[in-house]
2 protein chains.
Amino acid sequence: MRTCVSSMAAGSSMEWLKSVKGVILDMCGVLYDSGEGGGQAIHGSIEAVKRLMDSGLIVRFCTNETQNTREKFVQKLRAMGFDISVSHVFSPAPALVRILRERRLRPHLLVHDDLMPEFDDVDTSSPNCVVIGDAADKFSYQNLNEAFRVLIGLEKPLLFSLGQGRYYKETDGLKLDVGVFMKALEYACDVQAEVVGKPSADFFQTVLNDMSLQPHEAVMIGDDLLNDVGGAQSCGMKGIQVRTGKYRPSDEKHPSVRADGYVDDLAAAADAILTSSLTNH
Amino acid sequence: MRTCVSSMAAGSSMEWLKSVKGVILDMCGVLYDSGEGGGQAIHGSIEAVKRLMDSGLIVRFCTNETQNTREKFVQKLRAMGFDISVSHVFSPAPALVRILRERRLRPHLLVHDDLMPEFDDVDTSSPNCVVIGDAADKFSYQNLNEAFRVLIGLEKPLLFSLGQGRYYKETDGLKLDVGVFMKALEYACDVQAEVVGKPSADFFQTVLNDMSLQPHEAVMIGDDLLNDVGGAQSCGMKGIQVRTGKYRPSDEKHPSVRADGYVDDLAAAADAILTSSLTNH
C-alpha cells in the first residue's frame with residue numbers, strides 16, 4: 001500500500017479522492033485476466049470489489065467485452081467469486097442495440113458467435129450498416145472481405161465499432177482487439193467509425209446517469225490508459241490506471257494522457273480510495 | 001477513341017503527351033483482371049502493349065503484385081499473350097530484399113506462400129522487423145496476432161508494407177489489399193510503416209533510372225488513382241487513369257488527386273499517346 005499511496009500522490013495532491021462518491025470499474029485486466037477456460041481473478045480483486053461496495057460508495061462496472069452476452073459474462077465473473085449484478089454492468093452491445101432501434105438500422109454483424117444472442121431481436125436483412133465487435137478468430141480474411149463489400153456497397157458507408165481497443169492480454173499472450181479491425185475497414189472505405197463503448201463520452205454518461213452522479217464525483221479504474229483513463233478524464237471524471245492486465249510501464253510516460261493515479265492493482269486502488277473517503281464519511 | 005480524346009482533353013491541353021518518351025504500365029486492372037485461374041487479359045490490352053513497344057517508346061511495368069514471385073507472375077502474363085520481359089517488371093519484393101540486405105534486417109514475414117521464394121536467401125531468424133505483403137487468406141486472426149507480437153516486442157517496432165493499396169478487384173469481387181492490414185498493425189503498435197512499392201517515390205525513381213528518363217518524360221497508366229496516378233504525379237510524372245480494374249466513377253471527383261487524363265482502357269490510352277507522340281517523331 002505504501003507504493004500505491006506514494007504513486008497516487010506523486011503527480012498531484014490526493015485531495016480529489018475525498019470527493020469520490022462512485023467508482024466505475026473496468027473488468028478485464030482489473031478484476032480478472034482473460035484466457036483459456038474463461039480466465040482467472042486477479043489476486044485481491046474479489047475482496048477489493050466487496051470492500052468498495054460495503055463502504056457505501058456507488059460501484060458500477062463498465063466493460064468493452066463483446067465476446068459474450070452481458071448475462072453470460074456476469075455468470076463467468078460470479079463463478080470466479082465476484083458478487084456482481086447484471087444491471088450494474090455496462091457493455092457496448094446493449095447500448096448499440098438501442099442505437100440501431102432508434103435510427104432504424106439493419107446491421108451486417110461481424111461479431112463473436114457468443115455475442116449473437118444480444119442481436120436476437122434485431123433485423124439483419126438488407127443491411128444498411130456494418131457492426132464489428134471483438135470477433136477474435138472470426139476476423140478471417142473472408143469475413144473481413146464480406147463486411148468490407150457490404151460497407152463499400154452502401155451509398156453512405158456506416159460502420160459501428162464496439163470499442164476501439166488496440167489489444168488485450170490473455171493468459172497465453174497479447175491479442176489484437178476490435179479497434180485494429182475498425183482502423184482496417186475505416187482505411188478500406190475511407191470512413192470514420194462510430195465507436196460504441198469506452199472511450200465514447202455517451203457511454204460513460206449513461207453509467208454516470210445510472211449512478212446519479214456528476215462526473216467529478218466519480219473515478220474510473222482501468223488497465224487501458226487511453227480508453228479507460230483518457231476516456232473518463234475527457235468526461236470530467238478522474239482516472240486511475242492499475243498495473244495489471246494490458247498495462248505497460250511506458251504508459252506512465254505517455255505524451256498526452258496522464259492518469260490521476262497509478263496503482264499496482266485493484267486492491268491498492270481500493271486501499272487508497274477507502275483510506276481517503278473514510279476520512280470524509 | 002473519340003470518348004478517350006475528349007476525356008483526355010477535358011481537364012487540360014494534351015500538349016504534354018507530345019513530350020512523352022516512356023510509359024510505365026500498372027499491370028493488374030490495366031493489362032488483366034485477376035481472379036480464379038489466374039485471371040484474364042482486358043480486351044485490347046495485349047495489342048496495346050505491343051503497339052506501345054513497337055512505337056519506339058520505352059515501356060516498363062510497375063506492379064504492387066505480391067501474391068507471386070516476379071518470375072511466376074511474368075510467366076502468367078506471357079501465358080495470357082503478353083510479350084513481357086522479367087527485367088522490365090518492377091515489383092516490391094525484390095526492392096525490399098535489397099533494403100533488408102543494406103540495413104541488415106531479419107524479417108518476420110506475413111506474405112503469400114507463393115511469394116516466399118523471393119526471400120529464399122534472407123535470414124529470418126530472431127526477427128527485428130515485420131514485413132507484410134498481400135497475404136490474402138493468410139491474413140488470419142492468428143497470423144496477424146503473430147506479426148503483432150513480434151512487432152510490439154521490438155524495442156523500436158519496424159514494419160514494412162509491400163504497397164498500401166486499399167482493395168483490388170478479382171473476377172469474383174473486391175478484395176482487401178495489404179494497405180488495410182498495414183493500417184491495422186500501425187494502429188495496434190502506434191507506428192508508421194515504411195511502404196515499399198507504389199506510391200513510394202523511391203520505387204518510381206528506380207523505374208525511371210532504368211528507363212534513363214526524367215520524370216516529365218514519362219507517363220504512368222494505372223487503375224488506382226492514389227497509388228498509380230497520385231504516386232507518379234508526386235514524382236513529377238504524368239498520370240492517366242483507366243476505367244478498368246478497380247476504377248470507380250467517384251475517382252473522377254476525388255478531392256485531392258486529379259489524373260492528367262481518364263480513358264476507358266489501355267487501348268484508348270495507347271491510341272491517345274501514339275496519336276500525339278507520332279506527330280513528335
Side-chain angles (χ1 to χ4, degrees), chain A residues 67 110 112 132 134-153 155-157 161 163-170 172-193 195 225-227 246 248 250-251 254-257, chain B residues 67 110 112 132 134-153 155-157 161 163-170 172-193 195 225-227 246 248 250-251 254-257:
Chain A
Q67 285 205 359
L110 177 46
H112 201 283
I132 59 170
D134 175 15
D137 290 325
K138 271 181 76 183
F139 280 130
S140 64
Y141 185 63
Q142 196 184 333
N143 287 343
L144 284 165
N145 266 327
E146 213 179 305
F148 160 67
R149 287 175 188 173
V150 170
L151 208 50
I152 198 92
E155 198 178 342
K156 209 178 157 194
S161 185
Q164 62 178 25
R166 292 165 195 254
Y167 53 86
Y168 52 89
K169 192 179 172 183
E170 294 216 329
D172 59 340
L174 297 176
K175 300 219 168 159
L176 292 168
D177 200 358
V178 62
V180 168
F181 300 94
M182 173 190 86
K183 287 290 170 185
L185 290 174
E186 282 187 342
Y187 179 70
C189 300
D190 203 12
V191 292
Q192 192 163 9
V195 177
L225 184 69
L226 300 178
N227 291 302
K246 74 174 69 164
R248 287 155 54 92
S250 59
D251 289 345
H254 194 277
S256 55
V257 178
Chain B
Q67 285 206 358
L110 177 46
H112 201 282
I132 58 170
D134 174 15
D137 289 326
K138 270 182 75 183
F139 280 129
S140 64
Y141 185 62
Q142 196 184 334
N143 287 342
L144 284 165
N145 266 327
E146 214 179 304
F148 159 67
R149 287 175 189 175
V150 171
L151 207 50
I152 198 93
E155 198 177 342
K156 208 179 156 193
S161 184
Q164 63 178 25
R166 291 165 195 253
Y167 54 86
Y168 52 89
K169 193 180 172 182
E170 294 216 328
D172 59 340
L174 297 176
K175 299 217 171 161
L176 293 169
D177 200 357
V178 62
V180 168
F181 300 93
M182 173 190 86
K183 287 290 170 186
L185 290 174
E186 282 187 342
Y187 179 70
C189 300
D190 203 11
V191 293
Q192 191 163 8
V195 177
L225 184 69
L226 300 178
N227 290 303
K246 74 173 69 165
R248 286 156 54 94
S250 59
D251 289 345
H254 194 276
S256 55
V257 178

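Naming convention: chains lettered A, B, ... in sequence-line order (proteins, then strands); numbering from 1 in each chain.
Side-chain contact check for A:L174 versus A:K169: some heavy-atom pair is nearer than 4.5 Å. Side-chain contact check for B:R248 versus A:I152: some heavy-atom pair is nearer than 4.5 Å.
There is no contact between A:E146 and chain B, counting heavy-atom distances below 4.5 Å. In this structure, the portions of A:A136 lying under 4.5 Å from any heavy atom of chain B include both its backbone and its side chain. For A:F148, the part sitting under 4.5 Å from any heavy atom of chain B is the side chain, from C-beta outward, and nothing else. Interface remark: A:F181 contributes side-chain atoms only to the contact with chain B (heavy atom separation under 4.5 Å). With a threshold of 4.5 angstrom between heavy atoms, A:D190 approaches chain B through its backbone and through its side chain.
B:F139 CZ to B:L110 CG: the interatomic distance, rounded to the nearest 0.5 Å, is 5.0 Å.
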### Audit row: B:N227, B:Q164, side-chain contact (heavy atoms from CB on, under 4.5 Å) steps and yes/no
CA-CA 8 Å; B:N227 290 303; B:Q164 63 178 25; 3.4 Å; yes
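Nearest approach of A:G163 to A:M182, heavy atoms of both residues: O-SD, 4.3 Å.
The existence of a salt bridge linking B:K183 and B:E186 is confirmed by a sub-4.0 Å separation between a basic side-chain nitrogen and an acidic carboxylate oxygen.
When the candidates B:G173, B:S140, B:G165, B:C189 are compared by the number of heavy-atom contacts under 4.5 Å with chain A, B:G173 comes out ahead. Each of B:D177, B:N145, B:L185 has some count of heavy-atom pairs under 4.5 Å with chain A, and the biggest count is that of B:N145.
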